[in-house]
Amino acid sequence: MGYGLARNLKFRSLLKIFYLLPTVAYGQLLPLEDAKYEEQVVKGVRDRSVRLLCGDVVLPMVVFWSFTKLGSLIPRAVAISNGLDSKVEKAAAVLGDVTLKNSTLEIENLQMAAEGRFMCQALYEEDEEIKAVYFYIELIVLVPVSKPFLQMNNSTPVEGMPVLMTCIVKEGTPPVEYSWHRHTNRDGTVNVTEAVDGLINITSANRTQMGWYTCTAQNWVNSQTSDSMYLDVIYGPDEPVISVEPFAINQHGFSANEQEEVIMTCLAPSNPPSHYIWFYNSSQVYSGQKYVITRILRTQTGTYTCLAQNTHLNTRTQATILLTVYYLPQVKLSCMPLPAANFRDVALHCSWQGGFPPVQLRWVKSKEDRNRVPGGSPTCSAMATKQNEFLMMTCDWPGGLPRMTLWWRDWREHVLGVLKQSHNILVLKSNRTLGGKRFTCVAAHPLRAKATECHVRLEPPKLVVERAKMSLFEGSEVQLSCLLQGAYLGSEVFWYNNKNQVIRPDAQKYKLQQENAWFNLTLQDTEWMRDSGTYRCAALNAVGNASATISLQVKKYPTPPNVTISKLMYNRHRTEVEVEWQTEGPGNLTGFLVQQTEAKKATKRQAITTWETAVSDIDPDVRVQKLGGLDPSVVYAFRILAVNHRTRGHPSEVKTPADPPFNAYPAVIGAAAAGMIVATVLSLLGFQYIIRNRENNPRLHDLLFRRDGAEAQERISNPEDAEPEVTTAVDGGAGEQPVETSAPAEEASAEDSPQQVTGPPEDSVPAQGDASDPEPAPAPTDEDAPVNVTITVTATP
């Protein structure tokens, strides 16, 4: 709509235009009652063009475009149009090549800076009224993926070495999806299933992984494929296989007829290709893969050895065959009738001398009809040779005259090999593309109107697992089983563990068993984290392979309850400790174990304490345990753990044993008794000494054994070693009393009780003369009476 049309508008419409124009100049529109608001998300591609439409406005009066970049709230002017002319801001060049046509904003050579929020504000006339529209566009700029390139850490690995291939893309809007392909002349282009996104990690490279690798990266915009890179796996040589043409075998090896051309071919798979050397009876005769004898002679019978060498790895293998040369007799067959039995009989004589092996002659009675058809039908079979390198299909139908003619035909009705009579063997190179293909042996005879057929189908192995998911608690034993459905071409079955490693028969952890078509893998003494995972049963034959997986989950027993130590005490000698404990909280348990260590202060260099198990396998009902064999000079620390099968609970608090309480009562009683006995013995010895030596210590003797008053008398037994009787007079004060020394009395034992005597105490005895100079005692008389002495001993502990 042009400005001329605006002049013819009603006055009310002009007011609206003038009301809106100031707001357009400032990048904002004042709200109108009938304004429209719309939103849209548009995706554009970097360096390409994108068109942003301002809703369904066809001929706007005024159009204003603004842009707000991501992370900002301030809009920036981009372009404006009045219906006749349009103007683009210079700052909009960072968005690309911007043009405004009518109400549509076109951006050529789109840049990443254009990713953000565009807003279109337009005025247009409808029903002679001016209306406004607000159109918001969220523009997402997509970046095409660049051409990826491959990196390979080792492009010529030896078979069995790891290989890492990486697909690198410099730029591209995520998400970027990767796909890998491998191309070989034999299999063509196949997908690589070992790839994970842009990475192929081959842990053990093998010859089947050789080929040209390409990586394709794809996002929402485009897809790009890298240049191919060749993975050349070095291997071999394998054990050679020798084939002889024409093919003829005997019980010892191969055979050939004299004067025939014999071609011996040696095949030993190797990369780089093997170098072949031929030996005849241990002598080198030829260098090359094919050894051709144009006209073989009988003298060339013997052993032929093929030596294959890999010059890169400096490895070699060899194989030997025995070739026997057959030759015909030099003379012709001679048959003639001869007279016998005096010409009454006729003898038929046939001779053919020479040749190897010797000629066997047999007479056959001829019939009128010599032609006959063999009975039965042809028999077909297929088998794989050693290491699945070749497939040998055999077709037999003996008998008949003439004999049956046999030939092989594949699934495409193509004739294979040559026509042979009665027995036809077809040898093919093993190939996985032959899996499921059917081969037909056709038998024809002149007397049969229709040919007879028998069929052989080359089937890859098929595996079925008994249970795809299994679980058990750790420490148990589990058996994984897979079934081989049909023993096709001598299929070999392997088990792979949860680390995708082949399990060997001599592995201690695993046990392999076979029961008919069942192949069993037994895991012994399972562990929680180590044995959980996916186990794979794989079967392989000459035309294919198959695998089946079993997911095994080894569960851990629940945690047993916590344990606290309630008592921990040494015995008196500190060589044994007694520990008591109790459990806290719920939980199952099967026993306890006690751990000990030396109680040392932790240092920075030795922050980890080493615990030794002192006692294990304690019954779950036991709560008291004695531990012996301790060193009294070492301070020990102990802790206790509850055990639920193989799961150990949290250790108890660490404690050191306490010393037993001190009990002084037995020691005091023992010391008192010993003191009393010692005091009694010393007292008796003292008394005995005083009695025996009373003359040397008379004062002490009188002090202990003197009489009270003038009438006091004393009778003391003399010891065995005393002198004879001596009569002395003692000054008693009032008068003199005779004292008699009597015969020795019984010796008192330390254990006897003291005797009591009646009389005044020793303190009441009157003073005698000078104690230091005693007078002789009076002579003894018959009237003297014995004196009793009481001795009281008090022992203080």
Side-chain angles (χ1 to χ4, degrees), residues 185-187 238-257 260-269 289-292 306 319 321 323-324 326 374 376-400 402-446 448 450-461 486-492 540-545:
N185 294 332
R186 184 183 66 179
D187 300 331
D238 295 344
E239 185 177 351
V241 176
I242 300 176
S243 60
V244 180
E245 296 180 7
F247 181 78
I249 57 175
N250 55 21
Q251 58 181 354
H252 301 294
F254 294 90
S255 62
N257 295 328
E260 283 185 342
E261 182 184 54
V262 176
I263 301 174
M264 287 178 282
T265 304
C266 184
L267 178 62
Q289 186 175 9
K290 285 188 177 182
Y291 178 36
V292 180
C306 172
I321 63 169
L323 179 63
T324 303
Y326 295 156
S377 61
T379 57
C380 301
S381 63
M383 63 176 295
T385 60
K386 185 178 180 181
Q387 297 181 353
N388 294 326
E389 294 182 1
F390 295 95
L391 288 169
M392 185 170 66
M393 292 180 288
T394 305
C395 182
D396 291 300
W397 196 356
R403 293 183 295 174
M404 298 294 297
T405 302
L406 308 175
W407 68 90
W408 283 98
R409 192 172 61 197
D410 63 9
W411 68 97
R412 295 167 297 189
E413 302 298 328
H414 295 170
V415 176
L416 305 176
V418 296
L419 281 65
K420 294 185 179 179
Q421 294 183 341
S422 299
H423 182 75
N424 195 335
I425 297 178
L426 177 64
V427 179
L428 299 177
K429 180 70 176 177
S430 297
N431 194 332
R432 294 188 179 182
T433 60
L434 300 179
K437 299 299 188 295
R438 190 178 76 166
F439 292 82
T440 304
C441 176
V442 183
H445 194 274
R448 280 183 171 267
K450 186 177 180 181
T452 305
E453 298 179 350
C454 65
H455 307 281
V456 172
R457 185 176 294 276
L458 304 179
E459 294 286 354
Y488 304 111
L489 300 175
S491 300
E492 297 181 82
L540 173 68
N541 66 6
V543 296
N545 55 30

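Heavy-atom basis, side chains included; hydrogens, waters and symmetry copies ignored.
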Applying salt bridge (Lys or Arg N to Asp or Glu O under 4.0 Å), can you list everything that pairs with Glu453, at least two apart in sequence or on another chain? Arg409
Pairwise distance CZ(Arg457) to NZ(Lys437) - rounded to 0.5 angstrom: 9.5 Å
Glu492: which residues meet the side chain to side chain donor-acceptor pair (under 3.5 Å) condition with it, sequence neighbours left out? none
Excluding sequence neighbours, so at least two apart, what forms side-chain contact (heavy atoms from CB on, under 4.5 Å) with Ile249? Phe247, Phe254
Mind checking side-chain contact (heavy atoms from CB on, under 4.5 Å) for Ala319 and listing every partner two or more places apart, or none if nothing turns up? Pro240, Ile242
Test side chain to side chain contact (heavy atoms under 4.5 Å, CB included) on Lys429 and Leu434; report intermediate values, then the result. CA-CA 10 Å; Lys429 180 70 176 177; Leu434 300 179; over 6 Å; no
Asn545: what forms a side chain to side chain donor-acceptor pair (under 3.5 Å) with it, not counting sequence neighbours? none
Salt bridge (Lys or Arg N to Asp or Glu O under 4.0 Å) against Asp187, all qualifying residues, sequence neighbours excluded: none
For Cys380 and Cys395: C-alpha separation, side-chain torsions, deciding distance, then whether disulfide (SG to SG under 2.5 Å) applies. CA-CA 5 Å; Cys380 301; Cys395 182; 4.1 Å; no
Restricting to side-chain contact (heavy atoms from CB on, under 4.5 Å), what partner residues turn up for Thr452, sequence neighbours left out? Pro378, Trp397, Arg448
Identify, with sequence neighbours excluded, every residue that meets ring-ring contact (aromatic ring centres under 6.0 Å, His included) alongside Phe439. Trp411
Are any non-hydrogen side-chain atoms of Met393 and Leu426 less than 4.5 angstrom apart? yes
Residues in salt bridge (Lys or Arg N to Asp or Glu O under 4.0 Å) contact with Asp238, at least two apart in sequence or another chain: Arg207
The side chain to side chain donor-acceptor pair (under 3.5 Å) partners of Asn431 (sequence neighbours excluded) come to Thr433
Distance check, rounded to the nearest 0.5 Å: Arg432 atom CZ versus Asn541 atom CG? 9.0 Å
Donor-acceptor pair, distance only, cut-off 3.5 Å: does the side chain of Asn424 make one with the backbone of Thr405? no
Using atom types as modelled and distance alone, determine if a side-chain donor or acceptor of Ser430 lies under 3.5 Å from a backbone N or O of Glu389. yes
For Arg186, salt bridge (Lys or Arg N to Asp or Glu O under 4.0 Å) partners two or more places apart: none
Under the side chain to side chain donor-acceptor pair (under 3.5 Å) test, residues paired with Asn250 that sit two or more places apart: Tyr326
Derivation and outcome, side chain to side chain contact (heavy atoms under 4.5 Å, CB included), residues Leu406 and His423: CA-CA 7 Å; Leu406 308 175; His423 182 75; 5.5 Å; no
